[in-house]
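Take a look at the structure below.
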Amino acid sequence: MATTTATRPAPKKGRTPKGRTPKRAFRPRTLVITACAWLLAAVFLAPYLEMIVTALRPKEELRDRTYLPQNLEWANFIDVWKESELGQNLQVTLVVAGGATLLVLLVSLPAAYYTARMRYRGRKLFLLLVLVTQMFQPTALLVGLYREFHQLDMLNSVWTLILTNAAFNLAFAVWILTAYISSIPPELEEAAMVDGTSRFGAMIKVTLPLALPGVVTAVIFTFITSWNEFVMGLTLTTEPDKQPLTVGISNFIGNYTVQWNYLFAASVVAIVPVIVLFAFIERHVVSGLTAGSVK
Amino acid sequence: MSLKAPPSPASSGRGRGGRAAGPVSRRSGIARLGPLPWIAPVILLILAVVVWPVIELIRTSFLNISIAGKVRGSAGTDKFEKLFEESDFGAVLTWTVIWTVVVVTATMLLSLALAQLFNQKFPGRRITRWALIAPWAASVLMTAIGFKWMLNQTAGVLNTLMLDLGLIDSSKDWLGKPETAWPWMMAVAVFVSLPFTTYTLLAGLQTIPQDVYEASRIDGAGPWQTYRHITLPMLRPAFLVGVVINLINVFNSFPIIWAMTQGGPGYDTSTSMVFMYKLKETDIGESAAMSVVNFLMVVVLVLIFLKVSRWNEED
Amino acid sequence: MVATGAATLCMALGLTACGGDSDSGDSKTIKLVAADYGDKASNASKVYWNQVKKEFEKAHKGYKVDVQVINWNEIDKSVKNMIQAGDEPDLLQTGGYADKVADDLLYKADEVMSAKTRENLIPTFAEAGEVDGTQYGIPWVSSSRVMFYNKDVFKKAGVKSPPKTWDELAAAAKKIKDKKAAETPYALPLGPEETQGETMMWELGNGGGYTDADGKYTLDSAQNVETFEWLKTNLVKPGLTYANPASTDRKTAFADFAGGKVGMLNGHPSLIQMAKGGDVDYGVAPIPGKEGPLESTLGVADWMMAFKDGGAEKEGVKKFLDFTYSKKMLAFDEMYNLMPVTQDALKTMQSNGEHKDLEPFFEVLPKAKFYPLGDTSWDLVSAEIKKTGGKAVVDDPKQVLGDLQKKAESAAADTK
């Protein structure tokens with residue numbers, strides 16, 4: 001975060017006025033920008049729209065070279081729930097993503113706070129260690145993970161997935177929070193501590209609210225990554241009703257055929273909660289970020 | 001946010017160890033443990049979930065394991081030798097570097113432009129920013145499968161579109177040959193990396209105070225000069241974060257290639273990660289060796305980059 | 001701080017070190033890991049196995065069955081993980097068994113099956129489960145291959161009868177292309193899914209194959225190289241098949257055929273239901289060889305095997321196998337339109353008239369040739385063929401097959 005010179009005002013809740021600027025709306029420059037932005041938005045949404053279209057194709061039309069199917073098979077979106085354990089998978093993923101996010105916050109916040117504020121021996125080492133672990137991908141560690149959790153008799157448990165997802169997202173959270181907290185002036189906490197609050201209390205009462213945008217970013221990142229995680233879910237769960245969404249969806253890839261319409265219907269179902277979450281939070285991220293600029 | 005090692009707290013009169021100069025009476029034994037209670041949970045979690053499998057991985061790379069999965073004894077450095085002697089090894093490594101460099105560069109450049117664009121005020125900004133989230137919200141695997149579906153020779157909608165636009169004269173099997181598969185996979189990789197990077201840069205842009213721009217305008221600087229000398233430098237921290245995270249993620253990227261070509265035909269579209277995964281089918285020890293080599297490469301890559309951008313120096 | 005870290009690490013390692021290897025589940029629980037032949041919940045193999053489990057537990061009180069069904073695309077990887085972690089199942093139902101024999105992980109078939117059940121197995125299959133004369137692999141289902149063709153496409157292209165030789169096949173494909181009767185005249189899937197199957201079907205047509213009479217690998221024999229040269233020159237180059245066969249999977253080929261986009265291809269019984277579902281007027285014929293139709297088609301079997309260290313007592317495993325190999329198998333075969341491996345099931349399927357569409361497959365089954373399943377190095381060789389075999393129609397066949405031969409020879413040497 002670029003250093004701010006003034007004390008950061010408390011982030012405004014609610015919307016900062018932006019967007020519509022009444023009379024200037026039709027200057028040529030704005031027109032071009034708007035057109036570009038909308039075109040790009042369309043490009044970004046296109047693959048997912050195609051998924052929806054495919055999900056609506058009846059089986060016979062899956063190999064037809066048409067933009068839209070002649071008959072819309074809305075039933076696919078209903079059948080997909082019956083033809084898989086989608087409901088259970090959704091529950092599992094919800095619990096795992098939520099749990100992992102919570103765990104990451106609980107664990108990384110104190111660490112980031114202390115690292116940002118205190119100059120302790122091994123501080124750089126700690127940060128480096130955290131960064132290095134970010135470089136290990138679960139894909140390379142599957143056998144070790146399987147072995148470990150098998151010996152702990154924790155296969156097919158949501159806790160396994162919560163722990164693993166949390167661990168692999170720690171690095172990012174620690175780095176972001178450390179950086180963010182560093183840019184908050186310590187004087188405010190000092191003031192609280194002079195009054196007798198413990199350092200931990202000061203962290204909760206004073207720093208946390210100010211660090212909210214950083215926290216929100218860490219939350220979003222961890223949630224989305226855990227929501228979409230695949231290889232660990234595949235390796236560490238074996239029963240269909242204990243598997244997360246990503247794995248459940250992949251079961252539509254069978255031995256002789258792929259149930260493309262169900263596959264994409266389920267994928268669309270999987271995207272919706274994330275978008276909803278983001279819709280709620282995005283407002284806070286942006287307003288929190290703009291609160292930092294000096295007026 | 002900054003990638004630089006966050007500034008050591010300016011002591012403001014404190015000694016090492018960072019005890020607040022204040023009333024001593026509340027100091028419990030806990031404070032004497034220093035950083036431990038604060039960072040221990042992180043370390044424990046990492047040790048338990050990440051480090052233990054890593055040790056297992058390194059151990060495996062020195063073992064001789066049968067195709068059924070049974071350990072048959074130590075292999076010393078044989079697996080590493082076997083790995084380096086694989087005829088496809090050199091090509092895989094080369095392509096991994098090309099893949100990483102192209103995707104990260106394209107992502108960063110495009111994100112700069114996108115962040116700039118979405119920083120402007122225009123009608124519908126909020127909605128279009130939402131749309132930007134889509135590739136990030138969807139799992140990379142699903143997006144890759146979606147693209148594979150759209151590029152299908154028989155009925156893929158992208159082929160149909162290109163045919164109708166007259167760009168090609170017959171439907172092509174884009175993912176079947178390496179020459180056409182690589183560009184498409186790189187495009188998908190950029191596609192899924194753009195949202196996160198753009199938002200990171202957007203956050204960086206929005207922390208640049210308005211009066212800096214005012215001042216430069218008063219000084220008569222043109223938009224391009226403003227961009228080069230004001231915006232870019234102030235974006236540096238956010239930019240660095242974006243590059244490092246993308247470097248790591250793209251280098252280790254797996255679902256895109258696996259879903260779209262499975263690294264085939266043969267190993268022609270494999271990066272080192274995909275190569276490692278395919279090796280698991282025939283020689284687990286060798287696959288582990290590849291993972292170890294892979295990891296070392298990422299470390300070297302990131303360290304070089306950090307050195308080059310002088311992360312440790314507060315500038 | 002470092003000290004704490006080291007202490008924690010030691011704790012963690014210690015925990016796992018003393019964790020022990022084999023599952024200490026009780027010995028009356030039979031752990032079954034099976035492959036999923038379905039592609040959605042309504043036809044998932046779990047449905048079948050849960051039914052068997054219910055009936056078995058009722059008939060044999062005191063025993064429990066723990067069923068785990070895994071997607072075909074993942075099962076081999078999952079089983080590898082299990083074995084590596086020392087978590088072997090009691091029974092495994094999957095595509096290959098010999099590599100586990102090499103590590104001495106399996107019971108002999110006569111240790112876990114009563115004589116009566118063993119005699120009920122169709123001899124050709126029982127023999128295919130032998131390694132050096134001892135039966136370890138217990139056949140589960142079988143299938144053979146015939147050529148499928150789209151009657152409408154043939155009519156449109158003016159092809160009067162299904163081709164019997166390679167040259168006739170190429171000519172028919174050319175007609176289909178010229179008349180634009182189908183998008184892909186001949187579907188040749190040489191992608192990583194089933195290259196080893198498609199390859200063998202073509203190599204058999206030229207008197208080639210994977211092994212010679214002594215069981216030694218002959219992947220790059222002159223006949224095999226010739227086969228691929230023919231394919232390259234006569235099907236791939238003239239554009240009579242997919243542009244990139246080495247990256248095209250059987251799933252795609254089957255889906256295209258069921259969608260009416262393919263003229264001919266080598267097919268498996270499951271294609272019958274798919275074709276019917278796609279309203280394709282299909283016909284079947286023996287697979288063409290160089291000089292005439294194949295005398296011995298490719299036979300494929302999937303296997304059941306029993307692990308020594310699974311944890312359950314041998315008696316329980318035996319009871320379960322005997323139970324399942326009774327008429328229970330018929331239900332499985334009918335669910336997926338696969339072919340039986342037991343004589344009584346075969347008799348039933350042939351006589352009850354409900355399986356007329358399988359008749360062409362039944363006919364060619366007795367003389368079917370199998371992969372060298374009893375060779376403990378076959379699984380590795382098969383995996384290598386799947387990865388790179390398809391490139392024989394892209395690059396120089398002699399080189400590609402030669403590389404594979406080298407790998408096969410070293411694998412064979414390793415497992416001896």
Side-chain angles (χ1 to χ4, degrees), chain B residues 33-37 39-40 43-49 51-53 55-56 60 63-72 82 87-88 148 152-155 170-178 180-181 260-270 275 277-284 287, chain C residues 1 4-5 8-9 11-13 15-16 76-77 79-86 88 98-105 183-184 190-193 242-249 252 255-256 259 261-262 376-377 379-381 383-384 386-391 394-395 400 403 407 411 414-415:
Chain B
L33 286 173
L36 233 38
I39 63 176
I43 298 197
L44 275 178
L45 198 50
I46 291 185
L47 279 181
V49 178
V51 171
W52 160 215
I55 295 178
E56 174 80 16
T60 309
L63 289 178
N64 195 358
I65 302 188
S66 76
I67 188 177
K70 224 26 186 191
V71 177
R72 283 198 184 173
K82 188 173 174 199
S87 48
D88 301 286
K148 180 173 181 167
N152 177 256
Q153 185 178 12
T154 315
S170 70
S171 179
K172 285 202 211 304
D173 179 15
W174 299 92
L175 296 176
K177 274 216 267 278
T180 47
M260 292 177 90
T261 60
Q262 288 207 312
Y267 295 110
D268 292 345
T269 54
S270 299
F275 192 62
Y277 201 77
K278 281 170 91 91
L279 280 178
K280 265 205 241 196
E281 287 160 27
T282 44
D283 189 337
I284 301 178
S287 171
Chain C
M1 178 190 133
T4 323
T8 324
L9 192 55
M11 240 170 51
L13 287 176
L15 217 156
T16 51
D76 285 327
K77 289 193 202 74
V79 171
K80 265 201 249 272
N81 280 347
M82 288 183 206
I83 296 180
Q84 231 183 313
E88 292 139 26
D99 55 340
K100 317 214 177 12
V101 177
D103 285 316
D104 197 24
L105 295 171
E183 278 214 31
T184 310
L190 289 173
E193 188 190 338
Y242 289 114
N244 300 301
S247 12
T248 313
D249 274 347
T252 311
D256 282 348
K261 311 261 186 265
V262 166
T376 51
S377 60
D379 292 285
L380 199 144
V381 176
E384 291 287 0
K386 281 190 200 175
K387 279 196 274 188
T388 52
K391 294 190 83 181
V394 176
D395 299 333
V400 174
D403 279 343
K407 290 208 167 99
D414 272 345
T415 53

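Chain A is the first sequence line, chain B the second, and so forth, proteins listed ahead of strands; every chain is numbered from 1.
Between the CH2 atom of B:W174 and the CE atom of B:M260 there is a distance of 12.0 Å, given to the nearest 0.5 Å. A distance of 6.0 Å separates CD in B:Q262 from NZ in B:K278, rounded to the nearest 0.5 Å. Remark: B:K148 NZ to C:T252 OG1 distance equals 6.0 Å, nearest 0.5 Å. To the nearest 0.5 Å, atoms CG (B:N64) and CD1 (B:I284) are separated by 10.5 Å.
The number of heavy-atom neighbours closer than 6.0 Å to NZ of C:K407, taken from other residues, nucleotides and ligands shown, is above 12.
Here the options are B:T180, B:T269, B:T261, the test is side chain to side chain contact (heavy atoms under 4.5 Å, CB included), and the partner is B:L175; only B:T261 passes.
For C:A102, the parts lying under 4.5 angstrom from a heavy atom of chain B are both the backbone and the side chain. Heavy atoms closer than 4.5 Å to chain B are found in both the backbone and the side chain of C:D379. Only the side chain of C:K261 comes within contact range of chain B, with heavy atoms under 4.5 Å apart. With a 4.5 Å cut-off on non-hydrogen atoms, B:K70 touches chain C through its backbone and its side chain both. Contact annotation for B:D283: neither backbone nor side-chain heavy atoms come within less than 4.5 Å of a heavy atom of chain C. Looking at B:I67, both its backbone and its side chain come within 4.5 Å of chain C, counting heavy atoms on both sides. Contacts between B:T60 and chain C at a heavy-atom distance below 4.5 Å involve the side chain alone, from C-beta outward. With a threshold of 4.5 angstrom between heavy atoms, C:L105 approaches chain B through side-chain atoms but not through N, CA, C or O.
The most heavy-atom pairs under 4.5 Å with chain C, out of B:S66, B:S171, B:G176, come from B:G176. For the set C:D103, C:T248, C:T184, the entry with the most heavy-atom pairs within less than 4.5 Å of chain B is C:D103.
Listed here is the closest heavy atom pair of C:A383 and B:E281: CB-O, 4.1 Å.
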